Amino acid sequence: MDGELLPRDFFDRPVDEVAPSLLGHVITHRTAEGDVAARLTEVEAYAGPLDPASHAYRGRTRRNAVMFGPPGHVYVYFTYGMHFCMNLVCGPDGTSMAVLLRAGEIIAGEDMARTRRPRSTVRDLARGPARLCQALGVVREQNGLDVCTPGGEMTVLRGEAADPALIRNGPRTGVNGAKEVPWRFWIDGDPTVSPYRPHVLRRRKKITADE
DNA sequence: TGATGGATTATCT
DNA sequence: GATAATCCATCAA
């Protein structure tokens, strides 16, 4: 992949500024099998220790350590026992803000993405945070990568920034805490934006005494 | 040490 | 719309 990288300064700002300004730019991942790139259409902001919905709310742990480091790095986490989601770390070193990349449009490496998600329609290849990671081939191993290094394994390239008139915002998807905070940002009308789902508690399977 | 609940998705009805 | 799949961080005891 080539193109102009977003500078680290781009990420060294408050997360609610970075998040909407990321829409339209391009996340890339280079692997031995090929490159895949996605134009971001939906993101969410998480604001560190002050935000009950953030993984950093309870302080630094092994899992969220990358969030506390310098901006412009990737924070990948594993969830629901089977999915990975990715964030871009924002704000100065020592703070713990991050933008969750929720959805995008695959604009390069579509064949590779289809290989990774063979049952998906083109529209659904990266329509959702775990789908985006799967299409890009992002797993635990990519946690901590720097996206501001030219020629790096993962980069964020300057695309055509979304028209501000088309950017919408609303409550974050599937979160329990701070439900009212309108920090989900998306490009209105884009078909690759994921459907909004409020948080639901899963019923735990009842343990039967004998089986 | 055990219980609980996830920044989700595919696949049913 | 509902639910299963299924690892792991967190918290109570």
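Bear in mind the structure is a predicted one, so any value in this text is a computation, not a measurement. Both backbone and side-chain heavy atoms feed into the values below; hydrogens, waters and symmetry mates do not. Below, read A as the first sequence line, B as the second, and so on, with proteins coming before strands; counting in each chain starts at 1.
Rounded to whole Å, atom P of B/dT8 lies 11 Å from atom CZ of A/R184. Rounded to a whole Å, the OH atom of A/Y196 is 12 Å from the C1' atom of B/dA7. Rounded to whole Å, atom C1' of B/dA7 lies 9 Å from atom OH of A/Y75. Between the CZ atom of A/F84 and the P atom of C/dT6 there is a distance of 14 Å, rounded to whole Å. The distance from atom CE of A/M97 to atom C1' of B/dA7 is 18 Å, rounded to the nearest whole Å. For the pair A/F78 CZ and B/dT9 P, the interatomic distance rounds to 13 Å; values are reported in whole Å. Between the CZ atom of A/R63 and the P atom of C/dA9 there is a distance of 7 Å, rounded to whole Å. Put simply, CD on A/E44 is 12 Å from C1' on B/dT8, counting in whole angstrom units.
Comparing atom distances between the A/M67 side chain and each of C/dT6, B/dT9, B/dA7 picks out B/dA7 as nearest. The side chain of A/P129 lies closest to B/dT8, out of B/dT8, C/dA9, B/dG6. Residue A/Y80 has its side chain nearest to B/dG6 when only C/dT6, B/dG6, B/dA7 are considered.
Counting any heavy atom pair closer than 4.0 Å across all strands shown, A/H55 reaches a base atom. Within 4.0 Å of A/R58, counting heavy atoms only, lie sugar-phosphate atoms of the nucleic acid but no base atom. Within 4.0 Å of A/R140, counting heavy atoms only, lie sugar-phosphate atoms of the nucleic acid but no base atom. Among the protein residues, A/R172 comes within range of no part of the nucleic acid, since none of its heavy atoms lies under 4.0 Å from any strand. In this structure, A/A130 reaches the sugar-phosphate backbone alone: every heavy-atom distance under 4.0 Å involves primed, P, OP1 or OP2 atoms, never a base. Contacts of A/N87 with the nucleic acid, taken as non-hydrogen atoms under 4.0 Å apart, include base atoms.
Of the residues A/R102, A/R131, A/R168, the one that meets the salt bridge (Lys or Arg N to Asp or Glu O under 4.0 Å) test with A/E42 is A/R102. Shown are A/L100, A/V66, A/N64; of these, the side-chain contact (heavy atoms from CB on, under 4.5 Å) with A/Y77 is made only by A/L100.
Judged as a ring pair (Phe, Tyr, Trp, His ring centres under 6.0 Å), and not counting sequence neighbours, A/H73 has no contacts.
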Problem set entry | Audit row: A/M154, A/V138, side chain to side chain contact (heavy atoms under 4.5 Å, CB included) steps and yes/no | CA-CA 10 Å; A/M154 295 190 69; A/V138 170; 3.7 Å; yes

Problem set entry | Verdict with reasoning, A/M86 to A/I27, per side chain to side chain contact (heavy atoms under 4.5 Å, CB included) | CA-CA 11 Å; A/M86 65 179 294; A/I27 180 85; 3.9 Å; yes

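Salt-bridge annotation for A/R39 and A/E105: present, with a side-chain N of the basic residue lying under 4.0 Å from a carboxylate O of the acidic one. Ion pairing between a basic and an acidic side chain is recognised when a charged N comes within 4.0 Å of a carboxylate O; A/D124 and A/R127 show such pairing. We find that A/D51 and A/R172 are joined by a salt bridge, their nearest charged nitrogen and carboxylate oxygen being less than 4.0 Å apart.
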I'd like a table of atom pairs between the protein and nucleotides 10-13 of chain B - only N or O on both sides, under 3.5 Å - with the distance next to each one.
from: B/dA10; atom 1: OP1; to: A/R117; atom 2: NH1; distance (Å): 3.0
from: B/dA10; atom 1: OP1; to: A/R117; atom 2: NH2; distance (Å): 2.9
from: B/dA10; atom 1: OP2; to: A/R131; atom 2: NE; distance (Å): 3.0
from: B/dA10; atom 1: OP2; to: A/R131; atom 2: NH2; distance (Å): 2.5

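The aromatic ring of A/Y46 is stacked on the base of B/dA7, with the two ring centres less than 5.5 Å apart and the planes inclined by under 30°.
Using bins of under 30°, 30° to 60° and over 60° for the plane-to-plane angle, the ring pair A/F78/A/F84 lands in the tilted bin.
When the side-chain nitrogen and oxygen atoms of A/N176 are compared with OP1 and OP2 of B/dG5, none of them lie within a distance under 4.0 Å. In terms of phosphate contacts, A/R127 brings no side-chain nitrogen or oxygen within less than 4.0 Å of OP1 or OP2 of B/dT8.
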Exercise. For DNA chain B, what dot-bracket results from Watson-Crick or G-U pairs at under 3.5 Å, with [ ] for crossers and | for inter-strand partners?
Worked result: ||||||.|||||.

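Of the possible donor and acceptor atoms, one in the side chain of A/R117 sits under 3.5 Å from a partner among the backbone N and O of A/L125.
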